[in-house]
Amino acid sequence: MSDVNVVHERKSRILSVADAAASVADGMTVGVGGFINSGHPMSLVRQLILDGRRQLRVVGAASSGLEVDLLIAAGCVSEVVSPYVGAEGLAGIGPAFRKSAQEGLIRVFELDEAHFYAGLRASAQRLPFNPWRAGVGTDFPRVNPALKEFRDPINSELLLAIPAIEIDVALLHASVSDAYGNVQHNGTRYGDTAIHAASSKTFVSVENVVSTEQIRANPLATSIGGATGIVRAPYGAHPYSADGHYGPDTEHIGEYLGAATSWLKTGERRDLDSYLETYVFTAPTHSEYLSRVGIERLLTLHEY
Amino acid sequence: MSDVNVVHERKSRILSVADAAASVADGMTVGVGGFINSGHPMSLVRQLILDGRRQLRVVGAASSGLEVDLLIAAGCVSEVVSPYVGAEGLAGIGPAFRKSAQEGLIRVFELDEAHFYAGLRASAQRLPFNPWRAGVGTDFPRVNPALKEFRDPINSELLLAIPAIEIDVALLHASVSDAYGNVQHNGTRYGDTAIHAASSKTFVSVENVVSTEQIRANPLATSIGGATGIVRAPYGAHPYSADGHYGPDTEHIGEYLGAATSWLKTGERRDLDSYLETYVFTAPTHSEYLSRVGIERLLTLHEY
Amino acid sequence: MQTTVETDFGAETDVAAPHEIMAAAIAHGLLDGQWVEVGANLPVPRAGALLAHLTHGPNMTVMIAMTKAYLRDEPVIDEFEFITDVRAMRWAEAYYQHDQLLNNQRHRANGVFFCGGLQIDAYGNSNLIGIGDDYRKLRFRGPGAIGTCNATVQVGTWHLVTMSHDPRTLVERVDYVSALGYGRGERDLRESLGLQNPGPTSILTPLCIFDFDENTRRARLKSRHAGVEVDEIVQRTGFEFAIPDSVPITDGPTRAELTLLRTRIDAGGALR
Amino acid sequence: MQTTVETDFGAETDVAAPHEIMAAAIAHGLLDGQWVEVGANLPVPRAGALLAHLTHGPNMTVMIAMTKAYLRDEPVIDEFEFITDVRAMRWAEAYYQHDQLLNNQRHRANGVFFCGGLQIDAYGNSNLIGIGDDYRKLRFRGPGAIGTCNATVQVGTWHLVTMSHDPRTLVERVDYVSALGYGRGERDLRESLGLQNPGPTSILTPLCIFDFDENTRRARLKSRHAGVEVDEIVQRTGFEFAIPDSVPITDGPTRAELTLLRTRIDAGGALR
């Protein structure tokens, strides 16, 4: 039976940061996973900036962090879909988000996290919308007319119709995957699987590529059973934490925040451009970025 | 600080089969977990029969097995909400389900498994309905007018409105729980967590009660983080399988099927009444039931 | 194309049984990279999916007993009586929690589905609800639609399949449409309803394969299995169908495929 | 009720700080068995929830960094700067996958929520969207509503809370309603909208607690924290409010509660 059984082999889904990011074109809707100060696919985010992407509709996490702020600061974004952009105690509001929204440089698709997941779910379910009750009587439908009040067809109750949030490419970061896209997160997974389910393609950067045998040892842990592509990226969430691998680099986050806040307060982009120059444009690969950060700093982050 | 710190202790949620089933009253909507020939909370199901429950609206699993058929055979049921009632190769269609539906003794809430979960989700989300596309153009809205065709408020696409399936009491079976209702299933969980999310109360029978330390060793495995009550029931899914504990007792299932099929084919209830007498009415506790089955039989089921 | 093959390894006989021909026809229609369910107690679609997986489908996503599996390294693949058989879990790369699977339909567009029916009609509609004019008093109450109504909308490709080629099953018009094929042949019906795939590709039976006329949307004979005459198909079918001037023989298993079926996929002989 | 207590263990001073009073007031309002979120970077609601859990809430469901925890056996409960701090996982009895949590609202009716705001108004509405008349050109763009719009509908009980008792925060009318309180005081507004809880119970600030008049639905002074005069509250509040003839002192921490706060809950001193 050798004539039929050995012709084709299972294809590896591992690809480079640049090849994964090449699936994103100007004007697309891009989902970015993680949660505030954790789990963002930063090697892929930086690649979008390097590639000069423009007019992206960015679907951040239900609570987005400064990875979305950075994309805004770099001029990649035309619209943000997220119920929150900030960094908790480090920054209540993302500075570039705040400035760009105030000045009309970006649109904000204003919604609550429940609306956010209702919209993602509609995309995953291939529906034009999903209903939600919370939000009636608020200003959401006024400031975001895409959230439309309607009467439900069964009881005539007033509800909001949340349109599907359809994502072209989702970019996530996780703990491990095998070569075939079986991804396993540590911890609660935040909203990553909902972003994946709403997306046409999903690229996941991981701390480690592992054997399929290791995946099979605990299939309950498989959070995504078949990502489009897997990117090898140890420290791939830096400066944010990767659950179970390293904590956030608050010093580096502070460096970005200082630069972005200077732009917000003074209109002067010098510090911000210098940040982008140092950590993106003159460090165009993930390893060059990590070199720029320095191994000494990275080694301080390994606790919990 | 002893004056404030030791007054109250964490309450155990463990209770008896009878006390758990006492939450079910005639006319209620009862959810029953598991999937076809696995994972049904049979000690609780038998208790409903013992208690003489009537006019129950039974929400079976997305694929229900003969646990629903048994409740129908015992006269407990007025309506079945399930996309399937059968036993795969053992019986394509539940005999008591078939007979009772044909003769108008029960109503069937006709729906597809996608509608089933849309309705459960509406209950979990406290919404009057959820939309679904599949089903437009079929006879579902005709035979079940509760599934109502409507035009979506955003794009005017034709969809079905699936009303919330609100469950008063869910009865599930799982592998383990601690005393505080932190339940862990083995395997895929089927639709149990969706039934739980749609229910006001959830009682779970388990093969083993374990320490909270064991639960905390793998919180990812916790499928239900706070069941209303936990019932100690080793072999609690018998004659159906309990994933990772024992396989199905096809001989016992065959005994029931023979009795129920005799009722279907001849209208004669003698075999069925004899089954109920032997395994329910004269064996009114879980341990008496297991004694009736016999330890020898039970020990043959322990493979995989 | 030769459908009865001679072989001296693994097979009791060198002639492919009708169910083996069906499995091969299914396998030949599957593409590498597709997502396919391997149901329990559905030996023919199961064998067809696994045959494709072992021959030309290393990148197929095989769903078996609610787990995601890669089975090309298994010497002999167990047949399960029940979809809840936990023995499948040892192969699992992921679990499909059932309610979450039903929440995640977007990625299912890459899927292939095989839809059964108490009745299947000339326009590819399926009925699992029951038989009888009065829904409140069915002569025969069916098991329910399971997930066929939804799956036939969400997947990219689907087929009807029956093990009972007889006039009670293959009817002019189903009593109840629980999975929509082409309705009554109305032009652009599925498109106008917003259904994402173009409709069923074929009806697979132990005697033959029907496909659907591009204009009328009625079933027409596409091929007959080796050893089956057209007359027999006509007599055992409850609807009228077009018959081409020359009816080809169904593309059954090659010698190597038959060996794979009999030694690794269907060692228990459920298809024979 | 004595709000400044003398103690010689664990506390640098025997006088409860305003934030400690707020935490105690929160704790006193929580019931055993309730479900309560312990947010990161929200030290006052965090401390209040944990104080209730340690004193009279062994059956409270405490959600901390997206995990379900029981913390009465922890000698000292870490304070986290980030909701994503994985150190919480060592206590987890379950994970709350965020999207699934938002899918499961029925069981949240047993929950208590603390809602912040850039602006909070006299009718208990909150605004996290931004400040300015023209939404397209906000003077101050807020962070977004996070989950406050939904949580204030789904939980059984909720409070508004601010650390900034000033006229810019406590306003007559918010510029944008992102979480609905009592609207403009319309009778039965929430009921007519199908919202499941009756509306906010109170506004907690570092100076005082407001509740809401049963008829007008406007905020009114309920109690002032120890050491705070009514005049100061009036001056620092941007809306007019009813003042009872006698304004009681807020029910602050007992000596034992203060010790618990300072030794086990807020060892780092975030509240002082």
Side-chain angles (χ1 to χ4, degrees), chain A residues 34-39 61-63 82-86 88-90 92-94 97-99 101-104 108 110-118 120-121 132-140 142-143 157-159 186-191 193-195 240-241 243-244 247-248 250 304, chain D residues 39-42 65-67 81-90 92 95-103 105 118 125 127-130 132 135-154 174-180 183 189-190 192-196:
Chain A
F35 209 80
I36 319 187
N37 289 303
S38 184
S63 283
S82 175
Y84 174 84
V85 179
E88 292 193 300
L90 302 179
I93 308 168
F97 168 75
R98 187 178 148 198
K99 180 182 175 67
Q102 286 173 182
E103 298 183 2
V108 178
E110 199 80 48
L111 79 182
D112 181 89
E113 65 189 18
H115 308 146
F116 174 82
Y117 287 119
L120 291 181
R121 211 161 47 238
W132 202 260
R133 189 190 305 275
V136 297
T138 70
D139 281 321
F140 277 103
R142 185 164 69 81
V143 300
E157 296 178 33
L158 188 66
L159 301 172
N186 276 330
T188 73
R189 305 171 179 179
Y190 310 118
T193 60
I195 294 171
Y240 307 102
S241 61
D243 288 356
T250 51
Y304 283 86
Chain D
N41 200 38
L42 296 166
M66 296 193 179
T67 68
E81 209 174 348
F82 306 120
I83 197 171
T84 54
D85 197 316
V86 293
R87 287 177 293 169
M89 287 186 191
R90 68 191 189 278
Y95 292 155
Y96 292 112
Q97 192 173 318
H98 196 238
D99 54 310
Q100 290 183 27
L101 181 68
L102 266 292
N103 233 0
Q105 299 295 335
L118 296 172
N125 305 297
N127 170 22
L128 278 164
I129 292 175
Y135 174 73
R136 298 281 152 210
K137 291 192 172 174
L138 293 169
R139 288 203 316 280
F140 184 94
R141 166 68 226 190
I146 321 171
T148 57
C149 171
N150 184 58
T152 54
V153 167
Q154 304 290 354
V174 293
D175 291 356
Y176 302 92
V177 176
S178 52
L180 182 66
L189 173 68
R190 296 182 65 89
S192 73
L193 291 172
L195 308 182
Q196 282 103 340

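Keep in mind it's a predicted model, so treat the numbers as computed, not measured. Order of the sequence lines sets the chain letters (A, B, ...), proteins ahead of strands, with each chain counted from 1.
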Given a strict heavy-atom distance threshold of 4.5 Å, which part of [X] is in contact with chain A: side chain, backbone, both, or neither?
X         : result
Val177(D) : both
Tyr96(D)  : backbone
Met66(D)  : both
Gln196(D) : side chain
Leu42(D)  : neither
Arg139(D) : backbone

For this session: Would you please name every residue forming a side chain to side chain contact (heavy atoms under 4.5 Å, CB included) with Arg136(D), sequence neighbours left out?
Result: Asp134(D)
Problem set entry | Derivation of the side-chain contact (heavy atoms from CB on, under 4.5 Å) call for Glu113(A) and Tyr84(A) | CA-CA 8 Å; Glu113(A) 65 189 18; Tyr84(A) 174 84; over 6 Å; no
Problem set entry | Phe140(A) versus Ala145(D), closest heavy-atom pair with distance |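 That would be CZ-CB, 3.5 Å.
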With chain D as the partner, which of [options] has the greatest number of non-hydrogen pairs under 4.5 Å?
options                                   : result
Glu110(A), Arg189(A), Glu157(A)           : Glu110(A)
Leu159(A), Val143(A), Ile195(A), Asn37(A) : Val143(A)
Lys99(A), Arg142(A), Arg121(A)            : Arg121(A)
Leu111(A), Asn186(A), Leu158(A), Leu90(A) : Leu90(A)
Thr188(A), Thr250(A), Asp243(A)           : Thr188(A)

Exercise. Should the ring pair Tyr190(A) and Phe35(A) be called parallel, tilted or perpendicular, given that the plane angle runs from 0 to 90° and is split at 30 and 60?
Worked result: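 Tyr190(A) vs Phe35(A) ring planes: parallel.
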Exercise. Regarding Asn150(D) and Trp132(A), is there a side-chain donor-to-acceptor distance under 3.5 Å anywhere?
Worked result: yes
Heavy-atom pair count under 4.5 Å with chain A, highest-scoring of [options]:
options                                   : answer
Leu189(D), Asn103(D), Thr152(D)           : Asn103(D)
Ile83(D), Leu195(D), Leu138(D), Leu128(D) : Ile83(D)
Asn127(D), Val153(D), Ile129(D)           : Ile129(D)
Asn125(D), Val174(D), Leu101(D), Asp99(D) : Asp99(D)

Exercise. Between Phe140(D) and Ile93(A), is a side-chain contact (heavy atoms from CB on, under 4.5 Å) present by the stated rule, with each step listed?
Worked result: CA-CA 10 Å; Phe140(D) 184 94; Ile93(A) 308 168; 3.4 Å; yes
Problem set entry | Nearest-0.5 Å distance, CZ of residue Arg190(D) to CG of residue Leu180(D) |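 Taking CZ in Arg190(D) and CG in Leu180(D), the distance rounds to 5.5 Å.
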Problem set entry | Close side-chain approach of Phe97(A) to Gln102(A), heavy-atom, < 4.5 Å | no
For this session: Step by step, work out the side-chain contact (heavy atoms from CB on, under 4.5 Å) result for His115(A) and Cys149(D).
Result: CA-CA 9 Å; His115(A) 308 146; Cys149(D) 171; 4.0 Å; yes
For this session: Check for a donor-acceptor pair, side chain of Thr138(A) on one end and backbone N or O of Ala179(D) on the other, with a separation under 3.5 Å.
Result: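 No, Thr138(A) side chain to Ala179(D) backbone: no donor-acceptor pair under 3.5 Å.
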